[in-house]
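Model, not experiment: these values are computed from the prediction. These values consider heavy atoms only, across backbone and side chains, with no hydrogens, waters or symmetry-generated copies. Convention: sequence-line order gives letters A, B, ...; per-chain numbering from 1.
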There are 4 protein chains.
Amino acid sequence: MADFTNRQMEIIDESIKLIAKGGIQELTIKNIANSIGISEPAIYRHFNSKIDILLSILSFFESNAKNLFQKIHSKNISNIKKIESIFLTHCKSFAENPPLATVIFSEEMFINEKVLAEKIFSIMKLHKKEIFELIKKGQKNGEIRNDIPSEQLSFVILGTLRLTVTRWRLSNFSFDIRKEGRKMWNAIKRLIAK
Amino acid sequence: MADFTNRQMEIIDESIKLIAKGGIQELTIKNIANSIGISEPAIYRHFNSKIDILLSILSFFESNAKNLFQKIHSKNISNIKKIESIFLTHCKSFAENPPLATVIFSEEMFINEKVLAEKIFSIMKLHKKEIFELIKKGQKNGEIRNDIPSEQLSFVILGTLRLTVTRWRLSNFSFDIRKEGRKMWNAIKRLIAK
Amino acid sequence: MADFTNRQMEIIDESIKLIAKGGIQELTIKNIANSIGISEPAIYRHFNSKIDILLSILSFFESNAKNLFQKIHSKNISNIKKIESIFLTHCKSFAENPPLATVIFSEEMFINEKVLAEKIFSIMKLHKKEIFELIKKGQKNGEIRNDIPSEQLSFVILGTLRLTVTRWRLSNFSFDIRKEGRKMWNAIKRLIAK
Amino acid sequence: MADFTNRQMEIIDESIKLIAKGGIQELTIKNIANSIGISEPAIYRHFNSKIDILLSILSFFESNAKNLFQKIHSKNISNIKKIESIFLTHCKSFAENPPLATVIFSEEMFINEKVLAEKIFSIMKLHKKEIFELIKKGQKNGEIRNDIPSEQLSFVILGTLRLTVTRWRLSNFSFDIRKEGRKMWNAIKRLIAK
DNA sequence: GATGAATGAGAGTTCATTCAT
DNA sequence: TATGAATGAACTCTCATTCAT
């Protein structure tokens, strides 16, 4: 799934950086070409269109997330620890690659094009489903409080993660997202614990 | 504060609708002019530039929020009820004007231009401060649990509200944001209650 | 000849300043209106068109020059003194009104429109004729050398005056045009003296 | 120094013609594109901006002048002959390329943009310095009269050349600039000779 | 694989001018 | 006399994309 050549990965990488730098408006074929150091038509050797590039960015995110989820599934830890792992791993990977943070929660950028909007939507559902099921299991085995539907709990957690990242980005990455993420997670842990 | 002529309000209104329809890329002078039924240069009689229009949209939001906060302040109800009022009133006003929901939480659209980014940031701070102080008071007089810092609690609440609205929008407004908002609020209320 | 109302003179004055400030491109109806503090359509109460304004500026120059020539004619001084007077009076009036210097020798600005080009041409001829005749008289009565045709002598004088003003303007009025004018005139006087 | 591609030279050439035809206002990207027979965006493959084109026109002049000066320097003729050569060569090259005459002494066109104004200024200085030094040498070795400072003499010569060209242009190129140039030079030669 | 040259479509903006009030 | 609102035409410039080499 998502099998990119070196040049393609280079283009995807550079595109993420460009979007991070100046929003979707900064992502032009010219800018990508200049950043990489090739000509504009050369881009079209590697992607059919600009939308194709955006779609690949999203696929790249998707496959990252799937990998993460699989790794966590295989671990032998409590459900609440698994959710914590998802929460903090996200923070960590943003800390390591800030441009990613700009793009990943900026659905508005993509909703213009139907095919992109659908991809975004399916990625969101993927995350929601993951958290949702972990919560459900956690409620069943007594780790997580039972008096609030798992549906709502998952949205509280996801919403908190998203806002943390958004705050970080809008503040120009001026605080340590890992520390802040841990603070927020501690709050959530206490809120949902039995 | 934010004193617009009829034409200006018309342009602001139409602009919000355009952004809602197709993102910031749909907001062109041509589209605004066509929607209203005047020529493109005519727009410039009422706003100096496109950025000026965007800035006015944000000012419009800001002054709406300030009004809401003032109204709530003057009510003689518990702090938790005040937060509830903010939460649900936002959902209500989005239900009544869905395009608003698209624009209000789409900071990414504006971060290109410094002056817009600053405005967005100050609006976010305004909301945060409001919730934060209500929580603090609620914690002091025993309405709200004390074991979690008010800072984190306010972000949990704001994050949840934001995600609710984002989900609604990305689902193409396919569910009743008021009902969903109430559900989410009930969850939060239980989470933060003492 | 050239009988302007107060408002018209105000518009002409402001127009000269605008051209001086940023070339002919700075002379827009909007800029004129803003400088004076009236609305754009109001300008059209006083002039039929923008070209009308430019034409009036030129008429204003023309009538200034004619006045100067008349005054000098009536004086009872040598021909060479009369030329000197024209030369230095021009420098003096530029020193007193620098924007004038920018406009007066910038024929290029006006040659687009036929009616303006003709006006410019006739003003130039007026000056040429004046100097030319004074030289001729000076040659006849032995004040001025005879071995060079008066035609060429007048162009040498006019060319020198023009370049002096142009240098002053391009240097951002950084030297004293009166002193420099006198220096240049002293050179010319020696060159043409018998 | 000033190394242009074929297309760039074509654009520069066409631009000079356009300016000659109708002043700087005639120099629009559209007009350039139409004259050459390519699309407007195509222009931007060869120049970054309109100002870039104007700057290149000036560079082209500058490098022409430098070439001329170098050629003259290497000749084994009297200083007065060298000045004559500059004077008449200029007239000749204008005769061969009249549009050039319109642009080269129309500093007003360029003073809007700082970078252009500086270029113009440096070109003027280049010419001044050239004539100035030749005069100085001529005065030293007794070719040129000593009773007038070389500074003023150079401005008299340059001013005369400029006015000759200006008259020619404003008369719609209706006389033979070479003949007229020779007449003017003869007058100057006599004026400055010892 | 890559490039230089080109293009149709369209962006934001400014212009001189008109007209109803 | 003056103005607010409007407009057609034109401006510089950028976009994603194509094609011959």
Side-chain angles (χ1 to χ4, degrees), chain A residues 5-8 24-33 36-54 113, chain B residues 5-8 10-11 24-34 36-54 113, chain C residues 5-7 24-33 36-54 113, chain D residues 5-8 10-11 24-34 36-54:
Chain A
T5 67
N6 284 353
R7 256 295 193 248
Q8 281 179 321
I24 201 75
Q25 324 222 37
E26 191 77 10
L27 186 72
T28 67
I29 298 291
K30 190 182 189 176
N31 284 349
I32 301 174
I36 295 184
I38 59 176
S39 74
E40 298 173 49
I43 301 286
Y44 288 88
R45 283 270 151 204
H46 306 282
F47 288 99
N48 286 325
S49 69
K50 193 178 160 184
I51 290 189
D52 223 43
I53 297 176
L54 287 165
E113 205 65 31
Chain B
T5 66
N6 285 353
R7 249 305 186 245
Q8 281 179 321
E10 201 180 357
I11 290 171
I24 202 76
Q25 323 224 37
E26 190 77 9
L27 187 73
T28 67
I29 299 292
K30 190 179 200 167
N31 284 347
I32 301 174
N34 285 349
I36 295 183
I38 59 177
S39 72
E40 296 177 47
I43 301 287
Y44 288 87
R45 279 270 148 205
H46 306 283
F47 288 99
N48 285 326
S49 68
K50 195 180 161 183
I51 289 188
D52 221 44
I53 297 177
L54 286 165
E113 204 65 32
Chain C
T5 67
N6 284 354
R7 252 300 190 245
I24 200 74
Q25 324 223 38
E26 190 78 9
L27 186 71
T28 66
I29 299 291
K30 190 182 188 175
N31 284 348
I32 302 174
I36 296 184
I38 59 177
S39 74
E40 298 173 49
I43 301 286
Y44 288 87
R45 283 273 148 200
H46 306 282
F47 289 100
N48 285 326
S49 69
K50 194 179 158 183
I51 290 189
D52 223 44
I53 297 176
L54 287 164
E113 205 65 32
Chain D
T5 66
N6 285 352
R7 248 309 184 242
Q8 281 178 322
E10 200 179 359
I11 291 171
I24 201 76
Q25 324 223 36
E26 191 76 10
L27 187 71
T28 67
I29 299 292
K30 191 181 197 163
N31 285 347
I32 301 174
N34 285 348
I36 295 183
I38 58 175
S39 72
E40 297 177 46
I43 301 287
Y44 288 89
R45 279 270 148 206
H46 305 282
F47 288 100
N48 285 326
S49 68
K50 195 179 161 182
I51 289 188
D52 222 43
I53 297 177
L54 287 164

Base-pair string, DNA chain E, Watson-Crick plus G-U, cut-off 3.5 Å on both distances, | for inter-strand, is .||||||||||||||||||||
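Nearest heavy atoms, Arg7(D) versus Ile36(D): NH1-CG2, 3.9 Å.
Here OG of Ser49(A) is found 8.0 Å from CD1 of Ile29(A). Values are rounded to the nearest 0.5 Å. A distance of 9.0 Å separates CD of Glu113(B) from CG of Leu54(B), quoted to the nearest 0.5 Å. One distance of note links CD1 of Ile43(C) with CG of Asp52(C); it measures 12.0 Å at 0.5 Å rounding.
Asn34(B) is listed as a side-chain neighbour of Lys30(B), based on a closest heavy-atom distance under 4.5 Å. Residues Gln8(A) and Ile53(A) have side chains not in contact (no heavy-atom distance under 4.5 Å, counting atoms from C-beta outward). Looking at heavy atoms from C-beta onward, Leu27(D) lies in side-chain contact with Lys50(D) at the 4.5 angstrom threshold.
Taking 4.0 Å as the cutoff to heavy atoms of chain D, we find the contact window on DNA chain E bounded by dA5(E) to dA9(E).
Using modelled atom types, one side-chain atom of Asn31(A) and one backbone atom of Glu26(A) make a donor-acceptor pair closer than 3.5 Å.
One finds a salt bridge joining Arg45(B) and Glu40(C) here, because a Lys/Arg side-chain nitrogen approaches an Asp/Glu carboxylate oxygen to under 4.0 Å.
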Applying side-chain contact (heavy atoms from CB on, under 4.5 Å), run through Ile32(B) and Ile38(B) and close with a yes or a no. CA-CA 9 Å; Ile32(B) 301 174; Ile38(B) 59 177; over 6 Å; no
Tabulated below should be each protein N or O lying under 3.5 Å from an N or O of nucleotides 12-16 of chain F; please produce it.
| from | atom 1 | to | atom 2 | distance (Å) |
| --- | --- | --- | --- | --- |
| dT12(F) | OP1 | Lys50(D) | NZ | 2.8 |
| dT12(F) | OP2 | Ile29(D) | N | 3.1 |
| dC13(F) | OP2 | Tyr44(D) | OH | 2.9 |
| dC13(F) | OP2 | Lys50(D) | N | 2.9 |
| dC13(F) | O5' | Tyr44(D) | OH | 3.4 |
| dA16(F) | OP1 | Lys50(A) | NZ | 2.6 |
| dA16(F) | OP2 | Ile29(A) | N | 3.0 |

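Applying the 4.0 Å criterion to OP1 and OP2 of dG4(F), one finds that His46(B) has every side-chain N and O outside that range.
The interatomic distance linking Asn34(B) (CG) with dT7(F) (P) rounds to 11 Å, in whole Å.
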